[in-house]
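Input: a single structure, listed below in structure tokens.
As the structure lists them, so they are numbered: ligands from 1, and atoms in each ligand from 1. Not measured: the values here are computed from a predicted model.
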Amino acid sequence: MTLVTETTKVFLGEADIPTHWYNIVADLPTPPAPHLHPGTKEPMAPEDMTAIFPMGLIAQEGSTERWIEIPEAVQEIYRLWRPSPLHRARRLEKALGTTARIYYKYEGESPVGSHKTNSAVPQAYYNKVEGKTRLTTETGAGQWGAALAFATQVFGMSCDIFQVRNTFENKPYRSLLMRTFGATVTPSPSDTTQAGRALQERFPGTTGSLGMAISEAIELAVQDPNASYALGSVLNHVALHQTVIGQEALKQLDVFGEQMPDYLFACAGGGSNLAGIAFPFLRENLEGRASVDIVACEPAAAPSLTEGEFRYDFGDSSGTTPLLKMYTLGNDFVPDPVHAGGLRYHGMAPLVSHVYHEKMIRAVAVKQREAFEAGVLFARAEGIVPASESNHAIAGALRQARAAAEDGSSPVILIGVSGSGQLDLPAYAEFLSGDMSDT
Ligand SMILES: *Cc1c(COP(=O)(O)O)cnc(C)c1O
């Protein structure tokens, strides 16, 4: 269809912020495999998880209800930055000389610059209403830690964050952001937990990993009855919270006068932003209203979907989490320290793994130089510096847009730009000076 409007971005109003999260489980033709108890290997019962999660989130983890109402207190905080804008990337299209129409949903305008606040806020909320006063968590690049630091601060709770040592040491800005929001940040693996000490013995001189930081955060939560653990991705309830992204994008594309995208690209580390933008579109596919080609863009350094095995595995390095049925590289896999710290994870969300296994979505692996080349092109055209992680989605989309330029087709391409790269500038500097390794 030809567009008559020159519209460049659509914000929507606050009245258009979704009031419910969308649970894809209700619409899946086959049910995803349950999480298993690490000891008994039986499906997890809700009471098995109460040591680390509040009931509100445990219920969501196992829910088969299609729509789950967003509590008013959470909606009120969402209004600080939602709805997030949907842009037509007109200047990027010109720069590429493509006939594709490219749109991007930008989550970088949240208080900490990524989609992570969409889940941090409800996670803090459900813990708060069940009387918890403290949350513990892991963080890689620091996006999730910053989001949870913000969310716990909003609800007057304290927050203990274990940050992968490599990023803690090399990229101090997000840990400063976490501390600004009142959190305590410890590099992982640390000497302050049993898990941290054991991991340092097993992997001498390790630069850390998300899996290791998760083990430490869980240990701390289990020891304190007033504390819970919070996970920034992977689990069903996190994927659920992120579906505000895709629901808004559906409405915004409609305002642009588009039907459905032909392609949707999102980066995938643990899978939450991909699930968030893609599941509402996948629902359209499942109901026969669309045939969106959904593509997960993962880093070549941690290619869980494209090279991992689909089996039960632990979510952390020490084997303390429930067993999750997912694409995994093995829970002792330590990815190279690439710049997209948020993508350095050995597994993939069980729901994303399930729909990938059922061939409802595709996946591609992207090396970091191609990712940053795409990110720089995007920044120069659109004036937004994307997060290192988001660059993988942009790179995937550029492959498609360039193919369109060659064959003269005009597909509609939607990109999930999950965050801002303002605090990733040292990575850009490395790319610009030609020193970035191509892993
Ligand atoms: C954490 C993060 C990711 C990766 O996590 P997912 O759960 O796969 O979304 C991607 N982009 C940004 C900006 C992040 O902060």
Q | SB check Glu430 Arg369 (cutoff 4.0 Å) | A | no
Q: Using distance alone, with no hydrogens and no angle criterion, decide if Asp262 and Gln400 have a side-chain donor and acceptor under 3.5 Å apart.
A: no
Q: Considering heavy atoms of the protein only, find what lies nearest to atom 4 (C) of ligand 1 and give residue, atom and distance to 0.1 Å.
A: Gly342 O, 3.3 Å
Q. Is it true that the side chains of Ser418 and Glu389 contain a donor and an acceptor less than 3.5 Å apart?
A. no
Q) Given Tyr229 and Glu138, is the side-chain hydrogen bond (donor to acceptor under 3.5 Å, both in side chains) satisfied, shown in steps? A) CA-CA 9 Å; Tyr229 165 70; Glu138 77 294 332; 2.7 Å; yes
Q: State the atoms of ligand 1, each with its element, that fall below the 4.0 Å cut-off from a heavy-atom position in Leu343.
A: 4 (C)
Q: Provide the number and element of each atom of ligand 1 under 4.0 Å from a heavy atom of Ser272.
A: 6 (P), 7 (O), 8 (O), 9 (O)
Q. Which ligand 1 atoms are under 4.0 Å away from a heavy-atom of Cys267?
A. 10 (C), 11 (N)
**Q.** Under 4.0 Å to a heavy atom of Gly419 - the qualifying atoms of ligand 1, by number
**A.** 13 (C)
(Q) Does the plane of the ring in Trp21 sit parallel, tilted or perpendicular to the ring in Tyr126? Use 30° and 60° as the thresholds. (A) tilted
Q) Which atoms from ligand 1 have a heavy atom of Ala268 less than 4.0 Å away? A) 8 (O)
Q) For ligand 1, is Gln242 a contact, meaning one of its heavy atoms is under 4.0 Å away? A) no
Q | Among Lys116, Glu107, Glu389, closest by any non-hydrogen atom to atom 14 (C) of ligand 1 | A | Lys116
Q: Fit a plane to each ring of Phe265 and Tyr263, take the angle between them on a 0 to 90° scale, and name the class: parallel (under 30°), tilted (30 to 60°) or perpendicular (over 60°).
A: parallel
Q: Please identify which atoms of ligand 1 are closer than 4.0 Å to at least one heavy atom of Gly271.
A: 6 (P), 7 (O), 8 (O)
Q: Using the six-membered ring wherever Trp is involved, compare the ring planes of Tyr327 and Tyr356 and label them parallel, tilted or perpendicular (cut-offs 30° and 60°).
A: perpendicular
Q) Is it true that the side chains of Glu109 and Ser84 contain a donor and an acceptor less than 3.5 Å apart? A) no
Q. So His237 and Phe53, ring pair (Phe, Tyr, Trp, His ring centres under 6.0 Å) or not? Walk me through it.
A. CA-CA 11 Å; His237 66 265; Phe53 292 127; 5.7 Å; yes
Q) Which of the numbered atoms in ligand 1 are below 4.0 angstrom from a heavy atom of Gly269? A) 8 (O)
Q. Looking at Gln143, which atoms of ligand 1 are within less than 4.0 Å of one of its heavy atoms?
A. 13 (C), 15 (O)
Q. How far is atom 7 (O) of ligand 1 from its nearest protein heavy atom, and which residue and atom is that?
A. Ser233 OG, 2.4 Å
Q. Where is the nearest protein heavy atom to atom 13 (C) of ligand 1: which residue, which atom, and how far?
A. Ser418 OG, 3.3 Å
